[in-house]
Every structure is written in structure tokens, then in C-alpha cells.
Amino acid sequence: MSDPVFLVEALPAGDHFVLDGPEGHHAADVQRLQPGETLLLADGSGSVASARVAAAERGSLRLDILDRRTLPTPDPKLTVVQALPKGDRGERAVQMLTEIGVDEVIPWAASRSIVQWKGPRGDKARAKWTATAREASKQARRAHLAHVAELHTTKQLVARLRQAAQVLVLHEEAEAPLSQVDLPASGEIALVIGPEGSISPDELAALKEFGEPIRLGETVLRTSTAGPAALAVLQARLGRW
């Protein structure tokens, strides 16, 4: 079994380190790591240190640092635009996307989204998505944390997507399957996932700036499962799986 990952603000510069706070509590009191066992410290930006437990105390571990390394940023970058779904489906989508390997999730206030993020409620909802991405990144042993962007309107989204090397809009009535689309070797690949009621005609027209929509298959997936399914296809096609 691979070593568990614990997040730190910055990797320790010396040969010894005390892991305390919430991460130390989880390592010492929840996972009950013991002297001699190993773990990974990560800063969420690609830098990782291997460490061995020297001593276990309540709420903290004393560690010996074994080595350090920096992993390159994934390229192409994989971004998923997720229209706001109802209930807890958004958090489930973020969890699966993060485990599969998404680099960034962009929440989208699509016109047919039932849920709306406004004021403190919106801030709380985004905070939940961010916390979900953080925990899923740790569970998946990722060196780079998945990032949850600010909520985007359709106008903001179109402007943001102009930065991408390729934009793939999933739509049930599209002709071309994702498995046959040519992919760029570098840059950003962005997947756009509509809400429960599908992407509106006006939104679809705006997104056609980036090309014709594509489809996954003959079946229609929920908004919370379409993104993870499409991302898995991309990971396989990019040779990462």
C-alpha cells in the first residue's frame, strides 16, 4: 500500500520535522501511525518529501525526512467546467474528478442550473467543493492539489475558455464521440458539463465559438457523472492510464 499523504504549507528545510495541527491529529490519532512507518509530506504544488515516523505523540508526529522531490505540473492541464447540480451531487462530482486527475474545476452558473450560489450561501458551497477537492487529492496521493475556481457566469466562462488549447462541450445530441476527437499535446483541455436540464440553446450557441459539441456515447449521463466519465476517457487517451 502506498504511503499516506499529509499537506503542509511548505516542505521542511531540515532533516527533522514535527507534524502537528489538523494533519498531525489525523496522522497520530486517527490513522495511528507508529514509529518506523513512512508517509509523504506535500505542499500541494508538486513538492513532496518522504518521511519516517521517529516518535508518535498525541496530536503530532516527530518525523525524520528521508528525501525530497518535485513533480512536474501535468501537461496538458485538464479542466472541467461543472454546471451547478442540485443536492450534494456537486461535491460528489468534485470528489470523483479529483481522484481521476482533474487539475481545475470551474463552477458554472448555467441558466438551467436549479441551484444558485449567491452571497454567503455561495461562499459556503464553494468552500465545500474546495474542501472536497483537498481531501480527495490526499486520498488519491496527489502531489498537486486540484483547484476549485470562482463561480463563473456564461459570459465569464466564454472569456476564460479562450485561454484553453481545446474546449470540449459535452452534449447528448452531438455527433462526434469523445474517443475520436484529436487532442493537443500541450496546453489546457477544458471539458464543459451542462446542468440537469442540459445546456440552453443560447449557451450552446455561445460555446460553439470553440467548435461543435461532442458526446460520450449513446446513453445520457447525469451531470455529476458525465464529467468523471469524460475525464477518464481523456486520461486513457493521453496515455496516463
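Computation of the quantities below employed the complete heavy-atom set of this structure, encompassing side-chain atoms and omitting hydrogens, waters and symmetry-equivalent molecules.
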Carefully, step by step, assess Phe6 and Leu40 under the rule side chain to side chain contact (heavy atoms under 4.5 Å, CB included).
CA-CA 6 Å; Phe6 298 93; Leu40 296 175; over 6 Å; no
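Between Thr132 and Thr98 the shortest side-chain heavy-atom distance does not fall below 4.5 Å. Here the side chains of Leu78 and Leu234 are in contact, with some heavy-atom distance below 4.5 Å. In this structure, the side chains of Leu207 and Val192 come closer than 4.5 Å at one or more pairs of heavy atoms. Within the 4.5 Å cutoff, the side chain of Glu23 has no heavy atoms near those of the Val8 side chain. With contacts defined as side-chain heavy-atom distances shorter than 4.5 Å, the pair Asp64/Phe17 does not qualify. In this structure the side chain of Val5 never reaches within 4.5 angstrom of the side chain of Arg142, judged on heavy atoms. Side-chain contact between Gln82 and Trp108: absent, with no pair of heavy atoms (C-beta onward) separated by less than 4.5 Å. In this structure the side chain of Gln139 never reaches within 4.5 angstrom of the side chain of Pro4, judged on heavy atoms.
No more than 12 heavy atoms of other residues, nucleotides or ligands sit less than 6.0 Å from atom NZ of Lys128. Counting heavy atoms of neighbouring residues, nucleotides and ligands inside a 6.0 Å radius, atom CZ of Arg237 exceeds 12 of them. Counting heavy-atom neighbours within 6.0 Å of Arg240 CZ, excluding the residue itself, gives a total above 12.
A donor-acceptor contact shorter than 3.5 Å is absent between the side chain of Glu196 and the backbone of Ile114. Proximity of a side-chain donor or acceptor of Gln31 to a complementary backbone N or O of Asp29 within less than 3.5 Å is not detected. Arg68 places a side-chain N or O within 3.5 Å of a backbone atom of Pro12 that can act as its donor or acceptor partner. Of the possible donor and acceptor atoms, none in the side chain of Ser113 sits under 3.5 Å from a partner among the backbone N and O of Ala109. Between the side chain of Thr38 and the main chain of Arg52, no donor-acceptor pair closer than 3.5 Å is present. Checking side-chain atoms of Arg126 against main-chain N and O of Val148 turns up a donor-acceptor pair under 3.5 Å. Listed for the Asp75 side chain is a donor-acceptor partner under 3.5 Å among the backbone atoms of Gly187. Under the 3.5 Å distance criterion, the side-chain polar atoms of Arg134 are left unmatched by any main-chain donor or acceptor of Ala146. Not one N or O on the side chain of Ser186 forms a donor-acceptor pair closer than 3.5 Å with the backbone of Pro76.
Ion pair Glu203/Arg112 not flagged as a salt bridge, since none of the NZ, NE, NH1 or NH2 atoms sits closer than 4.0 Å to an Asp/Glu carboxylate oxygen. A salt bridge links Glu57 to Arg62: at least one charged side-chain nitrogen sits closer than 4.0 Å to a carboxylate oxygen. A salt bridge links Glu104 to Arg160: at least one charged side-chain nitrogen sits closer than 4.0 Å to a carboxylate oxygen.
Residue Val158 is not grouped with residue Ile214 when hydrophobic side chains (ILVMFWY) are merged at heavy-atom distances under 4.5 angstrom, including chains of intermediate members. Val102 and Ile189 end up in the same hydrophobic cluster when Ile, Leu, Val, Met, Phe, Trp and Tyr side chains are linked at under 4.5 Å. Ile193 and Val81 sit in two unconnected hydrophobic clusters of ILVMFWY residues. Membership requires side-chain heavy atoms under 4.5 Å apart, directly or through other members. Under the 4.5 Å side-chain heavy-atom criterion for Ile, Leu, Val, Met, Phe, Trp and Tyr, Leu145 and Leu11 are members of distinct hydrophobic clusters. Hydrophobic clustering (side-chain heavy atoms under 4.5 Å, transitive across Ile, Leu, Val, Met, Phe, Trp, Tyr) groups Leu231 together with Val105.
Separating the NZ atom in Lys118 from the CG atom in Leu151 is a distance of 10.5 Å, to the nearest 0.5 Å. Put simply, CG on Leu41 and CG on Leu7 are 9.5 Å apart, with the number rounded to the nearest 0.5 Å. The CD atom of Glu91 lies 10.5 Å from the OG1 atom of Thr130; values are rounded to the nearest 0.5 Å. Between the CG atom in Leu161 and the CD1 atom in Ile106 there is a gap of 6.0 Å [rounded to 0.5 Å]. A distance of 12.0 Å separates NE2 in His25 from CG in Leu19, rounded to the nearest 0.5 Å. Rounding to the nearest 0.5 angstrom, the gap separating the OG atom in Ser224 from the CE atom in Met96 is 5.5 Å.
Residues satisfying the ring-ring contact (aromatic ring centres under 6.0 Å, His included) test with Trp129, not counting sequence neighbours, are Trp117. Taking Arg92 as the reference, Asp88 meet the side chain to side chain donor-acceptor pair (under 3.5 Å) condition, with sequence neighbours excluded. Applying the salt bridge (charged side-chain N to carboxylate O under 4.0 Å, His left out) rule to Asp20 yields no partners; only residues at least two apart in sequence or on another chain are considered. For Ala51, the side chain to side chain contact (heavy atoms under 4.5 Å, CB included) partners two or more places apart in sequence, or in a different chain, are Leu39, Leu63, Ile65. Glu37 is linked by a salt bridge (charged side-chain N to carboxylate O under 4.0 Å, His left out) to nothing, counting only residues two or more places apart in sequence or in another chain.
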Counting only pairs under 3.5 Å, give me each side-chain donor-acceptor contact of residues 165-181, with atom names and distances, residues two or more places apart or in other chains.
unit_1	atom_1	unit_2	atom_2	d
Gln166	NE2	Asp182	O	2.6
His171	ND1	Glu173	N	3.1

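When all heavy atoms of Ala226 and Leu216 are compared, the pair lying nearest together is O-CD1, 3.7 Å. Taking both residues in full, the closest heavy atoms of Pro228 and Ile100 are given as O-CD1, 3.4 Å, listed atom of the first, atom of the second, then distance. Shown here for Gly194 and Ala83, the closest heavy-atom pair between the two residues is C-CB, 3.5 Å. Across all their heavy atoms, Pro85 and Val115 have their closest contact at O-CG2, 3.4 Å. Between Asp43 and Ala10, the shortest heavy-atom distance links the atoms CB-CA, 4.5 Å. Here the closest non-hydrogen pair linking Lys208 and Pro213 is CE-CD, 4.1 Å.
For the residue pair Arg69 and Ser47, no side-chain donor N or O sits within less than 3.5 Å of a side-chain acceptor on the partner. A donor-acceptor pair shorter than 3.5 Å can be found between the side chains of Arg141 and Ser2. Side-chain polar atoms of Thr79 and Glu188 form a donor-acceptor pair below 3.5 angstrom.
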